[in-house]
Amino acid sequence: MPDRIEELKSKAEVLIEALPYIQRFNRRIIVVKYGGSAMLDEELKKSVIQDVTLLKLVGFKPIIVHGGGKEINKWVEKSGIDPVFVNGLRKTDAQTMEIAEMVLGKVGKSLVSMVESLGVRAVSISGKDGGLLRVDKKYTDGQDIGFVGDIKAVDPKILFDLLEKDFLPIVCPIGLDDDYQTYNINADDAACAIATAVKAEKLAFLTDIEGVRRDPEDPSTLISELTLSEAQALLDSGYVVGGMLPKLNNCIHAIENGVSRVHILDGRLAHCLLLEIFTNRGIGTAILHDREEKFYHE
């Protein structure tokens, strides 16, 4: 019996620790960019959806922006097309674009099913719906990479309408150009643009790394919190490499354009969103404006 009481006390302490965060962010918008390994493992997928659903039920206004690159690769290969990447961007011809839109739509509807099964109403949309994401054709080093879009405008009205009606929006990164041609968009770019447009309190990237490290090769150098100027200095230092480089650039852009906090989290860790948002220490890297108060204290 004493062990049972201690276990219950421990649970109560966790809830009390979460209370100030629930109070602070009640009715605030949080954008979650969902991708990577967390989309491939069914148990991890379930934990992410449970986290987002809980955020919704305790008063947050979450929006999910999802990728699906690995799933798209699988279907492209099944169609007999060899995936081609230029500077990390998928070269997207008309047939690949058709496959990408089909796969991303399927992924979105599967996420809706999971959210609905937990008692929260959800709607899957693409950036084409309601003119949400407008794009120009994207080039990389002057090369034409097909139907890949560079976001030039976001009209968030459809998202505000869904949030007002108590739906959880789930967005796939597909947009239209001025001629109403469909384009694929990098999911990180879409999440950043959407978070900026809705003036999100938080933007969380679920990745396949613990967060930002001072030394990319040393996990013990994980940084719990970075101000905007510290993040820029880290970029300028040349230590940030690979996929973290564009991600950190997106984080800085979001903070500069009104998002209060950006979180980079290891999506391979079950319930990473709850651990980062509702605990004093957190488990990933939080990036905030220089004028914002730091949460974490040694």
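This is a predicted model, so every value here is computed, not measured.
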Peer 1: Any non-hydrogen side-chain atom of Q50 less than 4.5 Å from a side-chain atom of K46?
Peer 2: yes
Peer 1: Any idea which heavy atoms bring V31 and A191 closest together, and the distance?
Peer 2: CG1-O, 4.0 Å
Peer 1: Between the side chains of D266 and R268, is the shortest nitrogen-to-carboxylate-oxygen separation below 4.0 Å, so that they form an ion pair?
Peer 2: yes
Peer 1: With rounding to the nearest 0.5 Å, note down the distance linking CG in D189 to NZ in K247.
Peer 2: 9.5 Å
Peer 1: Are L133 and I185 close enough that some pair of their side-chain heavy atoms sits under 4.5 Å apart?
Peer 2: yes
Peer 1: Can D178 and K152 be said to form a salt bridge (Lys or Arg N to Asp or Glu O under 4.0 Å), step by step?
Peer 2: CA-CA 11 Å; D178 290 342; K152 69 172 183 176; 2.7 Å; yes
Peer 1: Could you report the tightest heavy-atom contact between C251 and F205, atom names first, then the distance?
Peer 2: SG-CE1, 3.8 Å
Peer 1: Quick check: closest heavy atoms across L163 and P169, and the distance to 0.1 Å?
Peer 2: CD2-CD, 3.7 Å
Peer 1: Under the side chain to side chain contact (heavy atoms under 4.5 Å, CB included) criterion, do I29 and E201 qualify, and how do the steps go?
Peer 2: CA-CA 6 Å; I29 297 175; E201 184 71 24; 6.0 Å; no
Peer 1: Kindly compute the distance separating CD1 (I30) from CZ (F60), expressed to the nearest 0.5 Å.
Peer 2: 6.0 Å
Peer 1: For the pair R134 (side chain) and D177 (backbone), establish whether a donor and an acceptor sit closer than 3.5 Å, ignoring hydrogens and angles.
Peer 2: yes
Peer 1: Are I99 and I81 side-chain neighbours, meaning at least one heavy-atom pair lies under 4.5 Å?
Peer 2: yes
Peer 1: Of all heavy-atom pairs between N184 and P173, which one has the smallest distance, and what is that distance?
Peer 2: OD1-O, 3.6 Å
Peer 1: When you group the ILVMFWY residues by side-chain heavy-atom contacts below 4.5 Å and let the links chain together, are V115 and V107 in the same group?
Peer 2: yes
Peer 1: Whether D161 and K165 form a salt bridge (side-chain N of Lys/Arg under 4.0 Å from carboxylate O of Asp/Glu) is what I want to check.
Peer 2: no
Peer 1: Around atom CD of E256, are there more than 12 heavy atoms from other residues, nucleotides or ligands closer than 6.0 Å?
Peer 2: yes
Peer 1: D166 pairs by salt bridge (charged side-chain N to carboxylate O under 4.0 Å, His left out) with which of R121, K56, R27?
Peer 2: K56
Peer 1: Is any side-chain heavy atom of L222 closer than 4.5 Å to one of V212?
Peer 2: no
Peer 1: Do N257 side-chain atoms and H253 backbone N/O form a donor-acceptor pair below 3.5 Å?
Peer 2: yes
Peer 1: For E77 and N73, what are the C-alpha separation, side-chain angles and deciding distance, and is it a side chain to side chain donor-acceptor pair (under 3.5 Å)?
Peer 2: CA-CA 6 Å; E77 288 170 3; N73 283 348; 5.6 Å; no
Peer 1: What distance separates C192 SG from I255 CD1, expressed to the nearest 0.5 Å?
Peer 2: 9.5 Å
Peer 1: Between M97 and Y183, what is the shortest heavy-atom contact and its length?
Peer 2: SD-C, 3.7 Å
Peer 1: How long is the span from the CD1 atom in I264 to the SG atom in C272, to the nearest 0.5 Å?
Peer 2: 12.5 Å
Peer 1: Step by step, work out the side chain to side chain contact (heavy atoms under 4.5 Å, CB included) result for L168 and V112.
Peer 2: CA-CA 9 Å; L168 195 164; V112 166; over 6 Å; no
Peer 1: Between D179 (side chain only) and Q181 (backbone N and O only), is there a donor and an acceptor less than 3.5 Å apart?
Peer 2: no
Peer 1: For side chain to side chain contact (heavy atoms under 4.5 Å, CB included), just list the numbers for L104 and I174, CA-CA rounded to whole Å, side-chain angles, deciding distance to a tenth of an Å, and then say yes or no.
Peer 2: CA-CA 9 Å; L104 288 169; I174 300 288; 3.6 Å; yes
Peer 1: Can you tell me how far apart CD1 (I223) and CG (L234) are? Round to the nearest 0.5 Å.
Peer 2: 5.0 Å
Peer 1: If hydrophobic clusters are built by linking Ile, Leu, Val, Met, Phe, Trp and Tyr wherever their side-chain heavy atoms come under 4.5 Å apart, do Y139 and V148 end up in the same one?
Peer 2: no
Peer 1: Do H263 and K202 touch side chain to side chain, with heavy atoms closer than 4.5 Å?
Peer 2: yes
Peer 1: Report whether L159 and L176 are members of the same hydrophobic cluster (ILVMFWY, side-chain heavy atoms less than 4.5 Å apart, transitive linking).
Peer 2: no
Peer 1: Establish whether L44 and L274 are linked, either directly or via other cluster members, by ILVMFWY side-chain heavy-atom contacts under 4.5 Å.
Peer 2: no
Peer 1: What are the two closest heavy atoms between A122 and I170, and how far apart are they?
Peer 2: CB-CD1, 4.1 Å
Peer 1: Please answer whether the main-chain N or O of G284 pairs with a side-chain N or O of E276 as donor and acceptor at a distance below 3.5 Å.
Peer 2: yes
Peer 1: Going by the rule side chain to side chain donor-acceptor pair (under 3.5 Å), which residues pair with T53 if we only count those two or more places apart in sequence or in a different chain?
Peer 2: none
Peer 1: For T207 and L265, indicate whether the former's side chain and the latter's backbone hold a donor-acceptor pair under 3.5 Å.
Peer 2: yes
Peer 1: Heavy-atom count check: over 12 atoms from other residues, nucleotides or ligands less than 6.0 Å from K45 NZ?
Peer 2: yes
Peer 1: Is D150 salt-bridged to K137, cutoff N-O under 4.0 Å?
Peer 2: no
Peer 1: Evaluate the side-chain proximity of T285 to E225: yes if any heavy-atom separation is below 4.5 Å, no if none is.
Peer 2: no
Peer 1: Between atom OG1 of T140 and atom CD of Q143, what is the distance when rounded to the nearest 0.5 Å?
Peer 2: 6.5 Å
Peer 1: Between V48 and L206, does a side chain to side chain contact (heavy atoms under 4.5 Å, CB included) hold up when you go through it step by step?
Peer 2: CA-CA 9 Å; V48 170; L206 302 190; 3.8 Å; yes
Peer 1: Any non-hydrogen side-chain atom of Q232 less than 4.5 Å from a side-chain atom of L235?
Peer 2: yes
Peer 1: Could you check if a side-chain atom of R261 sits within less than 4.5 angstrom of a side-chain atom of I287, using non-hydrogen atoms only?
Peer 2: no
